[in-house]
Amino acid sequence: MFYSEKSKKEYSLTDQRWRGDDGEILRIKFEAKIFPEKCLNRKPNLWRYREAIPIVHDQHIVSFDEGFTPLIPVKISGKVVLIKQDQLFTTGSYKDRGASVLMSKAKELGIAKVVQDSSGNAGCAVAAYAAKAKIACEIFVPSNTSPGKLAQIEMYGAKLNKVPGSREDTAKAAFKAASENYYASHCWNPFFFQGTKTIAYEICEQLAWKAPDAIVVPAGNGTLVIGAFIGFSDLIANNIISKMPKIIAIQAELCAPLLSLAEGKTFINKGADTLAEGIAIATPIRANEIIECVNNSGGQFISVTENEILVSLKEMTQQGYYIEPTSAATIAGVSKYLSGCESTALIVSLFTGNGLKSTEKILKLL
Ligand SMILES: *Cc1c(COP(=O)(O)O)cnc(C)c1O
């Protein structure tokens with residue numbers, strides 16, 4: 001069932017919709033079943049949690065065997081943290097989690113064309129899965145997006161629209177196009193979160209079905225914040241874990257509207273460009289939901305400076321992890337969080353995107 005937290009209206013999941021009749025944001029109510037013993041005999045991808053993903057028929061699954069990325073120990077500021085290698089996905093970022101489920105749903109609904117907007121990586125992911133599903137695709141991006149991501153979107157065969165101005169201007173252009181098409185938005189379309197939630201399942205399974213004490217994730221539009229919250233809630237509902245890990249949400253200091261909101265302050269967008277282009281979201285549409293997830297988990301928001309992002313980027317790449325600058329913001333957040341927490345706490349985080357996507361940006365830093 002789709003439902004609106006605001007109006008309490010409900011709609012069938014078989015509707016071709018991505019928002020409510022009065023335009024409200026929708027969430028999904030779905031009883032996810034997780035069977036640890038069944039997973040063992042299945043392929044190492046996110047579809048091993050088949051009964052937890054609301055796609056009805058297997059023949060509609062659009063997949064590159066994505067997911068079940070390695071969870072490995074990485075040294076960050078002298079301490080060891082377990083990091084999911086989500087930079088290793090087919091399109092180079094964790095967005096494939098959401099795109100696989102969302103585009104499977106589009107296929108199930110018989111959708112002929114999708115539109116989407118992003119600061120790059122979600123566009124790459126949706127374009128790749130649209131290519132695989134043979135669904136037409138139109139992507140809107142800010143014109144200052146990393147050229148590597150633009151090339152990737154076009155090579156997948158999507159129609160690329162470069163929009164001058166801010167990320168919000170891009171969202172407006174896509175929103176207009178979405179009135180006549182299925183909106184495969186990672187912000188609006190709640191099926192995306194039914195994919196990103198699998199990161200919680202995988203972490204738990206890779207820890208022998210235990211929950212970590214905390215998970216550190218980026219917070220732009222909150223696909224991982226909300227995804228992690230849904231995923232760990234599902235694990236609790238299935239009696240696999242008993243306690244929600246703290247969700248630690250990282251923003252760039254140059255663009256930290258959620259941190260301001262959570263502290264009850266008004267956010268003033270100075271419009272300064274951060275190295276972390278993937279989380280430079282001044283007006284996240286699910287802001288209330290994101291803050292609710294962080295608060296209900298007992299977590300917190302942390303912001304990081306441009307210099308801290310740069311230091312973390314160098315620290316990671318010099319250990320052989322070639323991640324994109326946006327990913328380094330999360331690691332800078334891990335580093336900050338570590339300085340204030342117990343040394344025995346089990347903390348997990350992730351590398352969100354591959355450095356090869358941001359060659360031009362990284363060249364400028366050398
Ligand atoms: C999308 C993205 C993020 C941030 O995710 P949100 O859903 O916007 O919070 C972080 N890192 C990378 C590499 C991304 O592509």
Side-chain angles (χ1 to χ4, degrees), residues 25 27 81 83-84 86 93-95 97-98 118-122 167-168 171 185-188 190 192-193 195-197 199-200 203 212 214-233 244-267 269 272-306 308-309 312 323-338 340 347-353:
I25 296 168
R27 303 185 189 186
V81 177
I83 302 288
K84 279 288 266 181
D86 272 18
S93 88
Y94 80 87
K95 297 282 193 324
R97 292 187 184 278
S118 92
S119 55
N121 286 338
R167 175 68 182 84
E168 284 63 41
S185 164
H186 57 298
C187 320
W188 275 96
F192 201 87
F193 305 92
T196 53
K197 73 177 184 181
I199 194 169
I203 288 169
I215 178 169
V216 184
V217 291
N221 276 304
T223 59
L224 281 166
V225 173
I226 296 170
F229 189 82
I230 297 173
F232 286 117
S233 300
M244 173 67 63
K246 290 191 176 92
I247 297 175
I248 312 301
I250 310 304
Q251 296 218 279
E253 202 175 279
L254 286 180
C255 188
L258 295 164
L259 177 70
S260 301
L261 257 174
E263 289 177 347
K265 294 180 194 147
T266 9
F267 168 66
N269 187 8
D273 274 349
T274 164
L275 261 178
E277 63 178 12
I279 50 171
I281 313 292
T283 49
I285 63 151
R286 291 186 187 261
N288 293 339
E289 190 177 350
I290 297 169
I291 293 169
E292 185 187 299
C293 290
V294 169
N295 288 347
N296 288 348
S297 77
Q300 67 188 94
F301 289 91
I302 294 176
S303 68
V304 294
T305 65
E306 295 302 294
E308 287 165 340
I309 297 170
S312 288
I323 56 173
E324 65 168 287
T326 300
S327 294
T330 303
I331 301 308
V334 169
S335 182
K336 257 189 173 164
Y337 180 64
L338 281 175
I347 295 157
V348 299
S349 185
L350 78 158
F351 290 145
T352 51

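By the side-chain hydrogen bond (donor to acceptor under 3.5 Å, both in side chains) test, T352 pairs with S327, sequence neighbours left out. Scanning for side-chain contact (heavy atoms from CB on, under 4.5 Å) contacts around E289 gives R27, I226, R286, with sequence neighbours left out. Under the side-chain contact (heavy atoms from CB on, under 4.5 Å) criterion, A332 pairs with V304, E308, S312, not counting sequence neighbours. Shown here are the side-chain contact (heavy atoms from CB on, under 4.5 Å) partners of A171, two or more places apart in sequence or in another chain: D117, R167. Shown here are the side-chain contact (heavy atoms from CB on, under 4.5 Å) partners of N296, two or more places apart in sequence or in another chain: F229, E292.
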From CA spacing to verdict: side-chain contact (heavy atoms from CB on, under 4.5 Å), I83, I331: CA-CA 9 Å; I83 302 288; I331 301 308; 4.1 Å; yes

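Between atom CG of residue D86 and atom OG of residue S349 there is a gap of 10.0 Å, rounded to the nearest 0.5 Å. The line from CD1 of I281 to OG of S118 is 8.5 Å long, rounded to the nearest 0.5 Å. Distance check: K197 NZ to F232 CZ gives 13.0 Å after rounding to the nearest 0.5 Å.
Here the closest heavy-atom approach between residue V216 and residue G333 is recorded as CG1-C, 4.4 Å. What you find for P325 and I309 is that their closest heavy atoms are O-CG2, 3.5 Å. In terms of heavy-atom proximity, E168 sits nearest to A282 at OE2-N, 3.3 Å.
Under the 4.5 Å side-chain criterion, counting only non-hydrogen atoms from C-beta, P218 is in contact with L350. Using a 4.5 Å cut-off on side-chain heavy atoms (C-beta onward), I347 and Y337 make contact. The side-chain heavy atoms of V225 and F301, taken from C-beta on, include no pair separated by under 4.5 Å. Within the 4.5 Å cutoff, no side-chain heavy atoms of F267 are placed close to those of L261. Under the 4.5 Å side-chain criterion, counting only non-hydrogen atoms from C-beta, V217 is not in contact with I199.
Between the side chains of N121 and E324, at least one donor N or O lies within less than 3.5 Å of an accepting N or O.
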Side-chain atoms of residues 247-257: list all donor-acceptor pairs with protein atoms under 3.5 Å, sequence neighbours left out, distances to 0.1 Å.
residue	atom	partner	partner atom	Å
Q251	OE1	L258	N	2.9
Q251	OE1	L259	N	3.0
Q251	NE2	A219	O	2.9

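Around NZ of K246, the count of heavy atoms belonging to other residues, nucleotides or ligands within 6.0 Å does not exceed 12.
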